[in-house]
Structures are given as C-alpha cells and as structure tokens.
Participant: 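Take a look at this one; I'll ask things after.
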Protein chains: 2
Amino acid sequence: MENSITEKQRELVEKFGVIEEQMGIAPAPARVNALLTISDSPELTFDEIREALQLSKSATSNAINYLLTLDRIGYKTKPGDRKRYFYSRLNQWKASFRKSILGLDGYTNMIREILENRTTDTVQFNKQLEELANFMDYYIKESIAIIDRWEKR
Amino acid sequence: MENSITEKQRELVEKFGVIEEQMGIAPAPARVNALLTISDSPELTFDEIREALQLSKSATSNAINYLLTLDRIGYKTKPGDRKRYFYSRLNQWKASFRKSILGLDGYTNMIREILENRTTDTVQFNKQLEELANFMDYYIKESIAIIDRWEKR
DNA sequence: TTATTAGTTCTGCGATAAGAGAACCAAAAT
DNA sequence: ATTTTGGTTCTCTTATCGCAGAACTAATAA
C-alpha cells in the first residue's frame, strides 16, 4: 500500500483544491482535478485517484463524472486494459472562458427586456441600464476577440 | 395594502432572479436586486421591498445587507427621514468584472507554483501547464485593458 | 461457472444554507 | 415616559449538499 504522492504534492493538492472550491467546485472534485495537475503521472486510474486522495468509491466516481461533464478532465484507455486513465484537460480553459463570457449574453438580453418594460419616467436610471447593456455587449465581443487573437497567434 | 408592482413586473423579477441565482446569488437577494432594477421607482425602502416581494423581515434584512457587502446595491437617505432608500448599483459591473478578472491571478500563480514543483519528466504536460499560465496572464491583462478602454471612451 | 475487476447506484447521515417568525433594540415621535 | 419606526438578531424548520459505506452490475479472467 505505497502512497505515490509526496508530502509537498499533498500540500499543493490542498492549496489548489481550495482555489478551485472558491471557483464553485465541490471539495472532492476539486481535489481530483488538483491531483491530476500535480501528480508526477498526469494520467491516473480510478483506484489511483481514490487511494491518493483517500476518498470513497462513490465520492471518487461522482467527482470524476462531474469533472467529465464539465470537460475539465478527460480519459484515455489502453489496449487490453479495462481501466480508464484520467487526465486534466488543461487546454479546456479557452473554451470554458468563451462559454462563460457568452453566458453573459443572457444577462444582457434580460437587461434589454427590462428596459423595454420600464417606465419612461426614470430617464437617468434607464440611461444607466442602457449603458450597462452596451458595456456588456462590448465586453462580450472584445473578450471573445482576445481569446481568438491568442489562438491565432 | 396596495401592491405597487404589476403582474408583468413580478414576472420579470422572477426571470431576472433566476438568472442572478445562476450567477451564485441566493434567491432572496436575487429578487431584491431584480426588484430594484425593475420597479418603477428605482429607490425603495426596506418595507417596500419586503412588501413587494412578500419576504420576512429577516430575509429582507439579510438580503439587503448581503447585497450591500457585494456593492450590488447602495442606499441614500433623505433629510428628516430615518428610512434608507435602496437602489441597484448598475455601474458596479465594471468594478466587479475587474475584480473577478484580477482574481484569476491567484489561479495563475498557483499554476506556476505547481509547475515549479513538477517532475521535469512530463515535458509535454508541463509545456501545456506553462501555456495555460501564459494564456491566463494574457487574458487578465487584455481583459483589464478592454474595460479601461471602455471607461476612457 | 465462478471470481475478480472497474466501476455505478442506493441508502443514510452530518453539515450547511435559506428563510420564517418572534424577540429584541436604538432612535425618534408622541 | 411610552409608543412607534426601522430595522437586526436569534431560534427553529425544512431543504439540499457532500460524502461514506454497502449493495449492486456488467465485463473480463480464471
């Protein structure tokens, strides 16, 4: 029952885990993704993850599947080996940023819908709302553009 | 006990509320902020909010104070009137975006710290990590720049 | 055919969150 | 001096989360 992860690595997993928790990821998934980023081998099996993090099977299973739906991790298989080898999908960040930025679109549309239904009496306030919507549009467009620029660099 | 908010407005409050919930705000605060955006009068008192949303005093109080700490709302007072008049701080968005972008810095530093402690055996993986950190730096810098550009427009 | 592997799914439980309602409190009005 | 106003804080309930542990399952191995 050897451990395969150093004290320093364990410490980094916790530290990174906390950062990921602050980004809205539950403790166990956060640790799993951290492990896959920190472990010497960037491809680990279910049981290696489970053992390194001392998680239950259910927690491991749920964490992995959650991260898979988020596309934060992926897995490969090896011929003649039933196990899956999970890895952190480091380069999904661009896609994930893009998606969250485009998600602001719903917010912007909502602001415009509110504006259309507002009393016209509150001139100053409505102007602010409109400016907000315009800023959002601008921000969305420009943010996407900077990601594109990075990709075509 | 008249109502001061139309059916349509009530509907918009719910719709906007749900969007804000998806951004991580609890139901009651989400409704309060939505109300302050949608209501004909953009400045409402504690009791007007409470009554329009049919919330308990504690829920109203907590929601308001939570939104105040987030700077999503503010309040003014009127001379010789003990009540506070709450309003949605529409223009805090730029500040709030800026802050959340700068928050990515901690993530980037973490990535670099991980990189410094990684085995050098996994060349490809480490290269990806480095590229991620570089992308993050770029994204942070450029995002801040686009907000600045909007402000100096 | 039976056992093992590589997980998944199903309770169950402790911890936290959201909000109601009532008690509470300080400042102002009566 | 006591009542009212404009809240805040405390207690309790219900709901949901995060996870462990055990039961389960489908595919492979013996």
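Given the structure is predicted, the values throughout are model-derived calculations rather than measurements. Side chains included, hydrogens not; waters and symmetry mates left out as well; all remaining heavy atoms used. Labels below follow one simple rule: chain letters A, B, ... track the order of the sequence lines, proteins then strands, and each chain is numbered from 1.
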Participant: Relative to the ring of A:Tyr138, is the ring of A:Phe135 parallel (under 30°), tilted (30 to 60°) or perpendicular (over 60°)?
Facilitator: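 Tilted, since the angle between the ring planes falls between 30° and 60°.
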Participant: Along DNA chain D, 5' to 3', what are the outermost nucleotides having an atom less than 4.0 Å from a heavy atom of chain B?
Facilitator: D:dT5 to D:dC10
Participant: Check the pair A:Glu20 / A:Arg31 against salt bridge (Lys or Arg N to Asp or Glu O under 4.0 Å), numbers first and verdict last.
Facilitator: CA-CA 8 Å; A:Glu20 294 186 288; A:Arg31 300 303 177 283; over 6 Å; no
Participant: Is there side-chain contact between B:Ile49 and B:Leu53, with at least one heavy-atom pair below 4.5 Å?
Facilitator: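 Answer yes - side chains close enough.
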Participant: What are the two closest non-hydrogen atoms of B:Ala63 and B:Ala28, and how far apart are they?
Facilitator: CB-C, 4.0 Å
Participant: Shorter than 3.5 Å, N or O on both sides, protein versus nucleotides 6-12 of chain C: list them out with atom names.
Facilitator:
unit_1: C:dA6; atom_1: OP1; unit_2: A:Lys83; atom_2: NZ; d: 3.1
unit_1: C:dG7; atom_1: OP1; unit_2: A:Arg84; atom_2: NE; d: 3.0
unit_1: C:dG7; atom_1: OP2; unit_2: A:Arg84; atom_2: N; d: 3.4
unit_1: C:dG7; atom_1: O3'; unit_2: A:Arg84; atom_2: NH2; d: 3.3
unit_1: C:dG7; atom_1: N7; unit_2: A:Lys57; atom_2: NZ; d: 2.2
unit_1: C:dG7; atom_1: O6; unit_2: A:Lys57; atom_2: NZ; d: 2.7
unit_1: C:dT8; atom_1: OP1; unit_2: A:Arg84; atom_2: NH2; d: 3.2
unit_1: C:dT8; atom_1: OP2; unit_2: A:Ser61; atom_2: OG; d: 2.5
unit_1: C:dT8; atom_1: OP2; unit_2: A:Asn65; atom_2: ND2; d: 3.4

Participant: Here's one to test your reading of the geometry: is the NZ or CZ of A:Lys78 within 45 degrees of the ring axis of A:Tyr85 and under 6.0 Å from its centre?
Facilitator: yes
Participant: Please evaluate residues A:Tyr107 and B:Phe16 with respect to the criterion ring pair (Phe, Tyr, Trp, His ring centres under 6.0 Å), reporting the C-alpha separation (whole Å), side-chain torsions for both, the decisive distance (0.1 Å), and the verdict.
Facilitator: CA-CA 8 Å; A:Tyr107 195 93; B:Phe16 191 19; 5.5 Å; yes
Participant: Taking the six-membered ring for Trp, are A:Phe97 and A:Trp150 closer than 6.0 Å centroid to centroid?
Facilitator: no
Participant: Could you tell me whether the side chain of A:Asp121 reaches within less than 4.5 Å of the side chain of B:Asp40, counting heavy atoms only?
Facilitator: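 When only atoms from C-beta onward are counted, A:Asp121 and B:Asp40 do not touch, as no gap falls below 4.5 Å.
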Participant: Does any residue of residues 27-38 of chain A have a heavy atom under 4.0 Å from DNA chain D, and if so, which ones, in number order?
Facilitator: A:Pro27, A:Ala28, A:Pro29
Participant: Could you check whether B:Tyr87 and A:Phe125 have their ring centres less than 6.0 Å apart?
Facilitator: no
Participant: Is there a side-chain contact between A:Leu36 and A:Pro42 (heavy atoms, below 4.5 Å)?
Facilitator: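 No - every pair of side-chain heavy atoms lies 4.5 Å or more apart.
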